[in-house]
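Working notes, structure below.
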Protein chains: 2
Amino acid sequence: MLELKGHTSDDLCRSMLERHADVISVQKPVVALKKLKIIISAALKLSNSKGFQAMSLRDLSKESGVSMGGLYAYFDSKTTLLNMILTEVTGAVDRVLGNPPPEVVSDPIEHLKWLIEAHIRLTEEMQPWFSFAFMEAKNFPAKERSWAVDSEELTEALFADVTARAIADGRFRPGVTPLLPTMIKPLLQDWYVKRAKYRRRKVSVEDYIAAVQEMVLTTCLPVDQLAALAAR
Amino acid sequence: MLELKGHTSDDLCRSMLERHADVISVQKPVVALKKLKIIISAALKLSNSKGFQAMSLRDLSKESGVSMGGLYAYFDSKTTLLNMILTEVTGAVDRVLGNPPPEVVSDPIEHLKWLIEAHIRLTEEMQPWFSFAFMEAKNFPAKERSWAVDSEELTEALFADVTARAIADGRFRPGVTPLLPTMIKPLLQDWYVKRAKYRRRKVSVEDYIAAVQEMVLTTCLPVDQLAALAAR
DNA sequence: ATTTATAGAACGAACGCTCGCTTGACAAGT
DNA sequence: ACTTGTCAAGCGAGCGTTCGTTCTATAAAT
């Protein structure tokens, strides 16, 4: 099974500490990491249930057990807190999807299947982070919003690249819709946007990965290869 | 081309006036309709750019040109305003998708294609309303949220029904993923959630409808029918 | 004259954020 | 061994502001 590394909440908070050392006034790394994890986990919990805007810092203080003043040792404004979280999410996407294992890059179809699996597994392990990013990125100041869009387009570009390579190599059915790379994204996003629904219906990650791969491949592979695919 | 009726902003606001006559204190229908249209359109504009929570009633007052007191002649709380809009959206979905033309209901595959087209065309014409519903439904009190989920599941149920009929009739490939009806929804939603992206890329409604139909049908039709489909 | 509609000041609550004070761990000085 | 000094860390009442909502005075329509 595909293994991904470096995005436990521990890893992510450690990365946040480094990235925002200028704004975080707590010096001792052990203390800082421990508290930051608590604060971020509380922030994700509250934001994902009522929205980031609707979460007041008093809510966050109560949920995390850190006082108002204490919170401001970890960020200098509520908007900074938002950006700190969003930055880690896009960072994780770039790091994971941008580094495919060497054995898949030579075959565009294997690469495509890997991208689908890696994306779904990553969002599964970082589920609250992705829900947060998806829900909140829209509602914010022009600056932050535009790079949220950029990040979305960057992911899509990975699918567009691999699709273009497959077409150039004659591995896809002629005339397959040019919208294919665009349409993969919403299928991947549904896994974390509607996570509760899939949990309720007992759909496993593996089920979902297989379903998306099936749908995408049947859309783009040459017709004469589909029988073999279905037979597996 | 498929024609849908009864969901211009005029129709929708008229319906809002009837449905919430108890809460709207303005008596003269002509005046009420005119102003309500202005208020709702301003509310959708502001909400879709900064989020419903972040839209203050002072923003809304300024944008619509209606005073604070004036606004409260049309709703008795900000939450009521939210519900008034959401109610019209789910109402339109039920009305349109629940009434397929007689000529398609006998054939599950035609019915499926019609559902896809009707959903995308409806969300195209009511785009700001659907964006609003999608973005805001999540962040709200248990009551409103649960029926937002219900409404989502109801739409999905229509796809599940028609899929089940197609399978019973032997019209689908054996072993097609049971997740198919679930996965159609995010494809349909992408049209209004990421409307700006598709506009920027000059993707027309017709293009998008065709692409979704292609993707769905290639996933579920028997392999020996796909060549014919591709040839069209 | 009476009803209907509108404007905008006013209100209490809650917001993000600040700041002076307390705490506690640890090292220096005796 | 004990006291003292130091400073990072944490606290929460309070600041100015803005929120949703209400109210009263006025204007318009009938």
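Just so we're on the same page: letters track the sequence lines, and every chain starts at 1. Because the structure is a prediction, the values reported are computed rather than measured.
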Rounding to an integer number of Å, can you tell me how far Lys28(A) NZ sits from dG24(C) P? 14 Å
No-hydrogen, no-angle side-chain donor-acceptor test under 3.5 Å, Asp11(B) and Thr8(B): yes
Integer-rounded Å distance: dC17(C) C1' and Leu60(A) CG: 14 Å
Under 4.0 Å between a Lys/Arg side-chain N and an Asp/Glu carboxylate O for Glu88(B) and Arg19(B)? yes
Once you round it to whole Å, what is the distance between P of dG10(D) and CD of Gln27(A)? 11 Å
Run the salt-bridge test on Asp10(A) and Arg14(A) with the 4.0 Å N-O cut-off and return the result as yes or no. yes
Measure from NZ on Lys62(B) to C1' on dG8(C) and round the result to the nearest Å. 13 Å
In whole Å, what is the span from the CG atom of Leu71(B) to the C1' atom of dC23(D)? 15 Å
What is the separation between atom NZ on Lys34(A) and atom C1' on dA9(D), rounded to the nearest whole Å? 12 Å
Would you please classify the geometry between the His119(B) ring and the Phe130(B) ring as parallel, tilted or perpendicular, with 30° and 60° separating the classes? tilted
Under 4.0 Å between a Lys/Arg side-chain N and an Asp/Glu carboxylate O for Glu117(B) and Arg121(B)? yes
Between Lys35(A) and dG10(D), is there a contact of a side-chain N or O with OP1 or OP2 at under 4.0 Å? yes
Whole-Å distance between dG10(D) C1' and Leu36(A) CG? 16 Å
Could you state the CD1-C1' distance from Ile38(B) to dA5(C), rounded to the nearest angstrom? 14 Å
With heavy atoms under 4.0 Å as the rule, sort Ser25(A) into base, sugar-phosphate or nothing. sugar-phosphate
Between the protein and nucleotides 14-21 of chain D, list the N/O to N/O atom pairs that are separated by less than 3.5 angstrom.
unit_1, atom_1, unit_2, atom_2, d
dG14(D), O6, Arg58(A), NH2, 3.1
dG20(D), OP1, Lys78(B), NZ, 2.8
dG20(D), OP2, Leu57(B), N, 2.8
dG20(D), N7, Arg58(B), NH1, 2.9
dG20(D), O6, Arg58(B), NH2, 2.6
dT21(D), OP2, Tyr72(B), OH, 2.5
dT21(D), OP2, Lys78(B), N, 2.7
dT21(D), O5', Tyr72(B), OH, 3.0

Contacts under 3.5 angstrom, residues 181-189 of chain A side chains, donor-acceptor by atom type, not counting sequence neighbours:
unit_1, atom_1, unit_2, atom_2, d
Thr182(A), OG1, Glu156(A), OE2, 3.1
Thr182(A), OG1, Arg201(B), NH1, 3.3
Gln189(A), OE1, Lys194(B), NZ, 3.0
Gln189(A), NE2, Glu152(A), OE1, 3.2

